[in-house]
Amino acid sequence: MSMPVLLFTIPALWIGALGLALPLLVHLLTRKTSRTLIFPTVRFIRKVQASQSAFYRLRHLLLMLVRTAFLGLLLLAFLKPVLQRSALSAGDRGDRPSAIILVLDASASMGYAAGGSSPFARARLAGQKILDELHDRDVADLVVAAAAPAPSFDEPTANRFALKNDLQLARLTQERADMDAAFAEAARQLAKVSGYKKEIHLISDFQRSNWAAVDFTKIPRDVQVVFVSVAGPGAGNVAITDLILQPPAPARGEEVEIICKVANYSSQAKSVPAQLKFGDEKAMQRDLEVPAGTTASASFRFRVNRAGFFEGELTIPEDALGVDDRRFFTLTVGDRLQVLVLSDEDRDDPGAGCRFLACAINPIPERGGAFTPVVLPSAQLDKLSLARAQLVILSGVKELSSAAAESLVNFLKEGGSIIYLLSGPADRANLAALARVSADDLKLPFRPGNFIDHSAGNTGQFATLTEANFDQPMLKPFKEARDLGEVHFQKYFATEREPGQGQVLLRYDDHNIALARKSVGAGSLLLANFSAALHHSDLAKRTIFVPFLHEMIKAMRPQSGSVKPFAVGQPASTTVTLKGAAKEIRFTNPSGARLDAVFETSRDEAAVIFPETKESGFYRVLAGDKLAGSVAVNVDPRESNLESLSLPQIQALSEISRDRVFATSGLDIEALKNLREGRPIWQYCLLGALGLLGLEQALTVIWRK
């Protein structure tokens with residue numbers, strides 16, 4: 001624990017310490033001495049005795065001490081002492097200049113403008129005051145912390161004017177600040193200077209949801225850290241935090257439900273009207289009662305009777321933090337739902353499983369149907385084909401490439417569904433590759449062992465399904481029928497159950513697992529230990545095959561999902577249909593201004609990436625004057641909870657040693673002024689001197705001769 005250090009601002013006045021001898025000199029000059037009196041009367045004898053008593057001498061001694069202390073405090077007042085405890089200069093006896101990096105939090109939560117002033121406005125004033133208190137030889141730089149740190153200079157500079165100008169020009173963002181990246185930038189700049197005391201000043205509202213996960217180990221050990229809080233007292237907020245679409249990609253005429261979640265972070269219950277605007281439809285409104293500190297949901301139901309691409313927006317009344325009071329989303333409505341079948345089987349083979357799958361998915365193409373099959377070799381799998389698909393079926397694939405395995409795992413994690421029909425040894429390697437790429441997010445419900453082939457040797461043996469979990473939606477329609485038990489299976493894997501992983505839906509009569517389901521991220525994987533190929537089973541010949549496959553597709557199709565969470569400050573992407581208009585493509589931001597984007601074409605479609613998203617809203621792709629597609633970008637919902645860490649909490653969280661960490665409030669201008677050199681106490685010395693002067697007068701009156 002550091003001891004308080006006293007520093008004198010005007011040490012030249014120590015010459016005044018000579019005046020402390022004056023009370024002693026007066027005391028000695030007025031000291032009574034014994035005298036010989038001639039013909040004294042009794043009255044005079046008593047007076048002389050009184051003046052030489054111990055009480056009389058004590059009076060003179062006390063007066064001397066009071067007068068000495070008075071002069072001492074008066075001298076200290078002129079020396080202007082400052083107390084350096086909890087000051088940046090405490091314990092430093094050298095004359096080294098300082099190198100300071102100001103890290104200014106510009107995240108969306110800093111825009112909470114209750115009471116007429118936002119934390120960001122207070123942060124700029126605090127930064128200005130810190131720069132004003134620097135010495136002439138000190139150097140500094142400003143780093144604005146947002147999704148990516150934005151430094152004013154490449155290294156600390158003495159150009160104080162430019163830094164103050166950048167502070168004035170700094171603008172609040174709608175982004176979530178990456179404080180770890182800001183720390184890394186500050187440490188990089190401080191590493192370039194030597195011979196300086198190194199400091200990082202963090203000016204922020206210290207929002208709990210952001211700062212709780214910050215890695216302070218990136219700050220070098222030779223750097224002092226100052227936490228400057230600009231959080232306002234009792235900040236409350238109401239925000240739209242999430243949107244859920246059911247289903248996320250509907251077909252024409254299918255009912256759509258949009259669920260809006262509203263969070264109340266204030267200390268009082270709120271009545272909140274939520275309004276939905278969707279395409280050209282009439283606006284819909286729902287009223288929510290949201291208790292303090294909880295979340296409430298509003299549901300909107302409607303049907304879209306035409307296929308196409310639509311934009312929607314949900315809003316609530318704007319409050320002190322308006323950027324999270326609206327949420328944007330897009331909805332693609334198709335004529336039919338696309339099912340992607342990946343297969344490396346020979347399509348000329350009349351018994352190939354992919355042929356039966358494609359026919360079963362859409363048995364009567366001329367009448368339309370609910371599903372559209374697209375059959376691709378596994379080598380042609382790309383992001384565009386996955387982006388269009390509602391569901392992926394793997395059947396008879398060769399060993400997948402690393403890129404294909406990674407794409408499938410990402411598809412699962414982002415809410416997609418896969419049905420994997422196992423048909424040979426390559427599938428064992430593929431399952432291992434998927435598990436490896438998923439970084440342990442995919443834990444299979446069973447481990448495939450030896451490949452069983454009852455058709456070898458023409459023994460006539462086969463396996464049948466004897467155990468079923470008919471509580472599952474995909475199997476419930478077949479509970480009363482015996483059709484599933486009549487299918488003959490010749491080829492499948494021996495299985496070893498992995499305890500606690502997934503759900504087993506079907507088993508063979510030899511107790512090997514035939515069908516199991518496993519959640520992966522936001523998506524789902526259905527492992528079918530059989531194939532539709534004729535040399536594997538007679539499933540494709542049975543009348544149950546088409547309804548069974550359709551029930552699997554319906555059960556596995558994503559029925560609900562959050563709108564893809566593209567946040568302001570991060571790249572956003574989408575796919576669009578070009579139809580020969582690639583030369584006329586242009587891109588705009590939510591304000592309508594043109595901007596650059598990266599796009600990759602494949603046949604009549606393109607994948608579009610917007611590298612920079614500076615504001616919430618729709619980033620559109622236009623083909624001529626026609627909207628080809630757009631992507632919705634929203635404020636990160638974590639910015640809506642304005643609960644702040646107190647300065648003691650953030651100090652404890654940082655785990656930085658006490659001699660390196662300091663904290664102050666950016667709302668207290670005097671505290672910022674005293675941060676560097678310490679707290680002045682000369683005024684207390686002056687008050688003490690005046691008090692002693694009054695005491696001296698009191699003693700003189702009370703002990704008058």
Side-chain angles (χ1 to χ4, degrees), residues 353 356-357 360 391-396 412 417-425 427-428 430-432 434-435 442-456 459-520 523-557 559:
F356 293 103
L357 288 171
L391 181 76
V392 177
I393 298 178
L394 280 74
S395 175
L412 283 170
S417 296
I418 295 177
I419 299 176
Y420 199 147
L421 303 177
L422 306 180
S423 58
D427 297 320
R428 187 192 297 113
N430 288 337
L431 290 176
L434 293 173
L442 171 57
K443 297 185 182 297
L444 298 174
F446 61 82
R447 187 184 308 166
N450 295 328
F451 193 67
I452 299 173
D453 186 358
H454 287 300
S455 64
T459 60
Q461 293 182 344
F462 54 83
T464 58
L465 300 172
T466 57
E467 297 180 31
N469 183 355
F470 289 113
D471 292 332
Q472 286 295 315
M474 71 178 71
L475 299 180
K476 188 175 292 186
F478 311 104
K479 184 176 182 178
E480 304 301 329
R482 297 183 179 180
D483 295 8
L484 281 177
E486 294 176 354
V487 181
H488 297 171
F489 298 90
Q490 283 85 30
K491 296 180 181 181
Y492 54 90
F493 282 101
T495 59
E496 182 179 346
R497 179 76 167 102
E498 292 288 351
Q501 300 299 328
Q503 298 173 296
V504 175
L505 307 181
L506 289 172
R507 284 185 183 270
Y508 292 117
D509 54 2
D510 59 3
H511 301 294
N512 283 309
I513 297 172
L515 192 67
R517 184 171 183 169
K518 170 66 178 177
S519 296
V520 184
S524 186
L525 172 66
L526 184 68
L527 287 178
N529 191 12
F530 52 80
S531 170
L534 291 182
H535 53 280
H536 281 243
S537 70
D538 62 357
L539 176 62
K541 293 181 178 180
R542 303 279 180 171
T543 56
I544 197 177
F545 178 52
V546 172
F548 182 46
L549 181 61
H550 278 222
E551 290 300 325
M552 285 198 295
I553 292 174
K554 291 177 183 177
M556 291 296 293
R557 175 199 172 194
Q559 294 299 310

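Source: prediction; values computed, not measured.
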Q: For the pair F446 and N512, evaluate side chain to side chain contact (heavy atoms under 4.5 Å, CB included) and give the outcome as yes or no after the intermediate values.
A: CA-CA 10 Å; F446 61 82; N512 283 309; over 6 Å; no
Q) Could you walk me through whether D483 and F478 pass the side chain to side chain contact (heavy atoms under 4.5 Å, CB included) check? A) CA-CA 8 Å; D483 295 8; F478 311 104; 5.9 Å; no
Q. Should L527 and L431 be marked as a side chain to side chain contact (heavy atoms under 4.5 Å, CB included) after you check the CA-CA gap, both sets of side-chain angles, and the distance that decides it?
A. CA-CA 10 Å; L527 287 178; L431 290 176; 3.8 Å; yes
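For the pair F451 and S423, the tightest heavy-atom approach, listed with the atom from each and the gap, is CZ-O, 3.5 Å. F545 and A532 make their closest contact through CZ-CB, 3.9 Å (heavy atoms, listed as atom of the first residue, atom of the second, distance). The two residues N469 and L475 come nearest to each other via the heavy atoms O-CD1, 3.4 Å. Scanning both residues, L391 and M556, for their nearest heavy atoms gives CD1-CB, 3.8 Å. The nearest pair of heavy atoms linking L465 to A514 is CD2-CB, 3.5 Å. Here the shortest heavy-atom pairing between H550 and A360 reads NE2-O, 2.7 Å.
Scored by the salt bridge (Lys or Arg N to Asp or Glu O under 4.0 Å) test, D538 finds R542 as partners (sequence neighbours excluded). Here H511 pairs with nothing under the ring-ring contact (aromatic ring centres under 6.0 Å, His included) rule; sequence neighbours left out. When the side chain to side chain donor-acceptor pair (under 3.5 Å) test is applied to K491, no partner is found at least two apart in sequence or on another chain.
Taken from CG in D510 to OG1 in T464, the straight-line distance is 9.0 Å, to the nearest 0.5 Å. Atom-to-atom distance recorded for K443:NZ and K518:NZ is 8.0 Å, nearest 0.5 angstrom. In this structure, F462 CZ and H488 NE2 are separated by 3.5 Å, a value rounded to the nearest 0.5 Å. T495 contributes atom OG1, which lies 11.0 Å from atom CZ of R447 (distance to the nearest 0.5 angstrom). Once rounded to the nearest 0.5 Å, the distance linking CG of L434 with CG of L444 reads 8.0 Å. Once rounded to the nearest 0.5 Å, the distance linking CZ of F489 with CG of N529 reads 9.5 Å.
Between P445 and I513, the closest side-chain pair of non-hydrogen atoms is not below 4.5 Å. Put simply, the side chain of N430 does not reach to within 4.5 Å of the side chain of L394, judged on heavy atoms. Between L526 and M474 the shortest side-chain heavy-atom distance falls below 4.5 Å.
Residue S395 is tested with L422, D427, L357 for a side chain to side chain contact (heavy atoms under 4.5 Å, CB included); the sole match is L357.
Aromatic rings from Y492 and H454 are positioned such that their centres are separated by under 6.0 Å.
Formation of a donor-acceptor pair under 3.5 Å by the R428 side chain with backbone atoms of G449 is found in this model. In this structure, the side chain of S455 does not engage the main chain of H536 through any donor-acceptor pair within 3.5 Å.
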